[in-house]
Amino acid sequence: MTDFNASIAFVVPAAGVGARMQANKPKQYIQLGNKTVLEHTIDKLNTTIPNALIIVAISEDDAYFPELDLPSNVITVLGGKERADSVLNALNYLTINHVVDWVLVHDAARPLVLPNDILKLISTCQSNQCGGILASKVRDTIKQGSHFVDATVPRETLWQAQTPQMFLLNELTSALTNALNAHVAITDEASAIEWAGGKVQLIESRADNIKLTTPDDIAIAEFLIAKQTLENNTCE
Ligand SMILES: Nc1ccn([C@@H]2O[C@H](COP(=O)(O)OP(=O)(O)OP(=O)(O)O)[C@@H](O)[C@H]2O)c(=O)n1
Ligand SMILES: C[C@](O)(CO)[C@H](O)COP(=O)(O)O
């Protein structure tokens with residue numbers, strides 16, 4: 001039975017180019033207020049579990065990361081061709097170099113996550129001894145089609161997967177390795193666990209834990225980061 005306070009590490013895939021953002025730099029290095037997207041994201045993880053190991057996967061030609069002011073519990077590994085490859089590189093590093101039970105994978109491009117939601121994910125997964133993901137329930141009517149509607153999809157059981165996604169390190173490493181070797185299309189960690197026949201808990205999160213993807217996401221993120229900063233300062 002894993003100890004309730006089993007060791008935890010974070011993996012942050014941050015090796016993407018951010019093509020859909022159409023910016024002059026990878027989106028994880030866009031400035032939101034006084035910090036970059038990645039610095040905000042790392043701050044949220046450090047606030048959640050102070051001094052937990054944070055493994056950041058960055059691209060080989062990343063000239064921005066060395067300019068950041070980051071704490072000593074942040075370590076980098078090389079990213080890969082796809083997000084899943086970057087995550088697996090980090091998982092393999094963790095497996096070889098550290099004793100970790102649970103790993104939480106969180107997109108660098110999701111700086112708006114709230115530590116309380118991450119803590120809810122951690123406590124639920126550790127209590128139930130089952131991996132899980134933050135997700136938000138679909139609120140709009142969902143249509144399927146390309147240029148015309150083919151069908152309206154019942155939304156009662158539809159969720160939008162977010163991150164962090166939390167699993168036992170050995171379980172996720174094995175599932176992701178096997179899924180990628182089988183050339184399975186993996187867009188999140190849960191997909192690999194599902195493919196391997198594992199269970200994934202859905203833990204409801206806020207809809208504003210968005211992944212910065214296209215230019216219209218920036219204004220939303222700037223507003224929400226400023227709002228969170230104001231609320232944190234008011235609480236102190
Ligand atoms: N080879 C890759 C691709 C993506 N990511 C990371 O995975 C997260 C989510 O991926 P996505 O939003 O798709 O980022 P990009 O791939 O950079 O975006 P785009 O598809 O628009 O290029 C991001 O933090 C991104 O940096 C990564 O570590 N390694
Ligand atoms: C992991 C993820 O953020 C969950 O919604 C999403 O799958 C990442 O997709 P992307 O195409 O790599 O941004």
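For the numbers below, each heavy atom of this structure counts, side chains included, while hydrogens, waters and symmetry mates do not. Each ligand, and each atom within it, is numbered from 1 in the order the structure gives. Counting begins at 1 with the first residue of the sequence. Keep in mind that what you see is a predicted model, and the values were worked out from it rather than measured.
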Query raised in the report: Do Thr41 and Arg110 come close enough that some side-chain heavy atom pair is under 4.5 Å?
Result: no
Run through all N or O atoms in ligand 2 and write down each protein N or O closer than 3.5 Å, as a pair with its distance.
residue	atom	partner	partner atom	Å
ligand 2	3 (O)	Asp107	OD2	2.6
ligand 2	3 (O)	Arg110	NH2	3.0
ligand 2	5 (O)	Arg110	NH2	3.2
ligand 2	5 (O)	Ala161	O	2.7
ligand 2	7 (O)	Thr187	O	2.8
ligand 2	11 (O)	Arg20	NH2	3.4
ligand 2	13 (O)	Arg20	NH2	3.3
ligand 2	13 (O)	Lys211	NZ	2.7

Query raised in the report: Using a 4.0 angstrom limit on heavy atoms, which residues are close to ligand 1?
Result: Pro13, Ala14, Ala15, Gly16, Val17, Gly18, Ala19, Arg20, Lys27, Gln28, Gly80, Lys81, Glu82, Arg83, Ser86, Asp107, Ala108, Ala109, Lys211
Report task. Please tell me if the side chains of Asp107 and Val12 come closer than 4.5 Å, counting only heavy atoms from C-beta onward. Result -> no
Report task. Could you identify which residues cluster with Ile218, counting Ile, Leu, Val, Met, Phe, Trp and Tyr as linked when any side-chain heavy atoms lie under 4.5 Å apart, either directly or through a chain of such contacts? Result -> Met21, Ile30, Leu32, Val37, Leu112, Ile210, Leu212, Ile220, Phe223, Leu224, Ile225
Requested in this report: Please work out whether the ring planes of His98 and Tyr93 are parallel, tilted or perpendicular, with thresholds of 30° and 60°.
Outcome: tilted
**Report entry** Validation row: Val100, Ile8 side chains within 4.5 angstrom (heavy atoms)
**Finding:** no
Can I get a per-line list of side-chain donor-acceptor pairs under 3.5 Å for residues 46-56, giving both atom names and the distance, sequence neighbours left out?
residue	atom	partner	partner atom	Å
Asn46	OD1	Asn73	ND2	2.8
Thr47	OG1	Asp43	O	2.8
Thr48	OG1	Lys44	O	2.7

Requested in this report: Could you tell me the separation between the SG atom of Cys125 and the CG atom of Leu121, rounded to the nearest 0.5 Å?
Outcome: 4.5 Å
Query - Spatial distance of atom OG1 (Thr36) from atom OH (Tyr29) [nearest 0.5 Å] - result: 7.5 Å
Query - Sidechain-backbone polar pair: Arg155 side chain, Ile142 backbone, donor-acceptor under 3.5 Å - result: no
